[in-house]
Amino acid sequence: MTGENAGAKHPREEEEEDASGGGGPLSVAEADAMVEKMARRLAELEAESKALAGAWRERHAEVLDAVRHSDEKLSDRSAAIARERYGEADAGMYSPEPSAITSLVVLSTRADDELAFVEKVERFTCAGGACKKMLLGALYDVKARLASGDGDRESLRHLGGCLNAINKTMRTGRELDRVVGKRITAAMKRLTRYRTASRVREVHPERLAGI
């Protein structure tokens with residue numbers, strides 16, 4: 001890598017540096033600051049997901065409508081399209097996909113806004129992972145000091161609470177675009193069933209000369 005991108009860090013590296021503070025043992029105040037920062041980031045993601053939720057729900061509804069069509073209905077529609085396009089004599093050589101299936105193909109992958117959002121969630125969870133690593137290290141340190149008679153049980157409880165808060169925040173963040181995941185799963189399952197049920201067409205080489 002050269003030029004202005006030389007030395008650029010992966011997002012996970014940036015998040016770990018962001019969470020690591022100035023190095024050394026993690027204090028209770030630093031742990032609290034981590035929790036507060038993750039909560040602020042979660043609030044930003046929640047606001048963005050709320051703004052995008054309408055479009056996400058519309059796409060999900062479109063998939064739910066498309067998957068209701070039976071294999072028989074889809075097959076009949078495909079045959080009708082083939083007759084319209086290629087005529088009665090040649091229709092049997094073709095199997096065009098009906099609009100319900102072509103829409104499922106598109107909706108079985110993330111749209112641009114969904115890709116951008118999931119990237120932000122990934123950065124958020126990377127930051128949370130870095131926080132957890134720091135908190136676990138601090139917990140092990142306090143436990144070790146307690147074992148030697150030089151620890152603080154209140155700090156141990158407090159750091160444990162911070163770790164639980166980070167875990168909860170990360171789970172919430174990962175669930176913000178759950179409807180997108182449900183849509184993609186539903187679309188892919190229906191596409192698989194449709195293609196499995198589609199008949200294998202007989203091909204007549206002598207009729208392919210003009211194709």
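Everything numeric in this text was worked out from a predicted model, so none of it was measured.
Glu62 contributes atom CD, which lies 10.5 Å from atom CG of Leu64 (distance to the nearest 0.5 angstrom). Distance check, rounded to the nearest 0.5 Å: CG of Leu26 to CG of Leu159 gives 6.5 Å. The structure places SG of Cys131 at 11.0 Å from CG of Leu136, a figure rounded to the nearest 0.5 Å. Note that the CG atom of Asn164 and the NZ atom of Lys132 stand 10.0 Å from one another [nearest 0.5 Å]. Note: Asp65 CG to Ser103 OG = 8.0 Å, rounded to the nearest 0.5 Å. To the nearest 0.5 Å, the span separating OG1 on Thr125 from CZ on Arg123 amounts to 10.5 Å.
With hydrogens and angles ignored, the 3.5 Å screen pairs a side-chain donor or acceptor of Thr102 with a backbone N or O of Ser99. Listed for the Glu30 side chain is a donor-acceptor partner under 3.5 Å among the backbone atoms of Ser27. Under a 3.5 Å cut-off, the side chain of Ser49 and the backbone N or O of Asp177 do not form any donor-acceptor pair. Without hydrogens or angle criteria, Ser75 side chain to Asp71 main chain gives no donor-acceptor distance under 3.5 Å.
The two residues Met188 and Ser108 make their nearest non-hydrogen contact at CG-CB, 3.8 Å. In terms of heavy atoms, Ala165 sits closest to Val35 at CB-CG1, 4.0 Å. Between Val63 and Ala186 the shortest heavy-atom distance is CG1-CB, 4.0 Å. Here the closest non-hydrogen pair linking Leu176 and Trp56 is O-CZ3, 3.7 Å. Closest non-hydrogen pair, Leu139 versus Gly160, comes out as CD2-N, 3.7 Å. The two residues Met38 and Gly128 come nearest to each other via the heavy atoms CE-CA, 3.5 Å.
By the 4.5 Å heavy-atom criterion applied to side chains, Arg41 and Thr169 are not counted as neighbours. Residues Arg183 and Glu114 form a side-chain contact, since some pair of their non-hydrogen atoms from C-beta on lies under 4.5 Å apart. Annotation: side chain of Arg190 is in contact with side chain of Leu74 (closest heavy-atom distance under 4.5 Å). Using a 4.5 Å cut-off on side-chain heavy atoms (C-beta onward), Phe117 and Leu45 make contact. Considering only heavy atoms from C-beta on, Arg77 stays 4.5 Å or farther from His69 through its side chain. Val118 is not listed as a side-chain neighbour of Val180, based on a closest heavy-atom distance of 4.5 Å or more. With contacts defined as side-chain heavy-atom distances shorter than 4.5 Å, the pair Thr172/Glu46 qualifies. You'll find the side chain of Ile184 stays beyond 4.5 Å of the side chain of Thr109, heavy atoms only.
In this structure, Arg178 places its CZ atom where only 12 or fewer heavy-atom neighbours from other residues, nucleotides or ligands lie under 6.0 Å away. Few gaps surround CD on Glu84; more than 12 heavy atoms of other groups in view lie less than 6.0 Å from it.
Val121 and Leu115 are assigned to two separate hydrophobic clusters, defined by single-linkage of ILVMFWY side chains at heavy-atom distances under 4.5 Å. Ile81 and Leu104 fall into different hydrophobic clusters, where Ile, Leu, Val, Met, Phe, Trp and Tyr side chains are chained together by heavy-atom contacts under 4.5 Å. Transitive grouping of hydrophobic side chains (ILVMFWY, heavy atoms separated by less than 4.5 Å) brings Leu156 and Met34 into a common cluster. Grouping the Ile, Leu, Val, Met, Phe, Trp and Tyr side chains by contacts below 4.5 angstrom, directly or via other members, places Tyr140 with Val142. Grouping the Ile, Leu, Val, Met, Phe, Trp and Tyr side chains by contacts below 4.5 angstrom, directly or via other members, places Leu52 apart from Val106.
Between the side chains of His158 and Asp32, at least one donor-acceptor pair of N or O atoms lies under 3.5 Å.
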Carefully, step by step, assess Arg145 and Asp152 under the rule salt bridge (charged side-chain N to carboxylate O under 4.0 Å, His left out). CA-CA 8 Å; Arg145 285 189 281 113; Asp152 180 356; over 6 Å; no
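Residues passing the ring pair (Phe, Tyr, Trp, His ring centres under 6.0 Å) test with Tyr194: none are found, sequence neighbours excluded.
The pair Arg59-Asp113 counts as a salt bridge, with a side-chain nitrogen and a carboxylate oxygen less than 4.0 angstrom apart.
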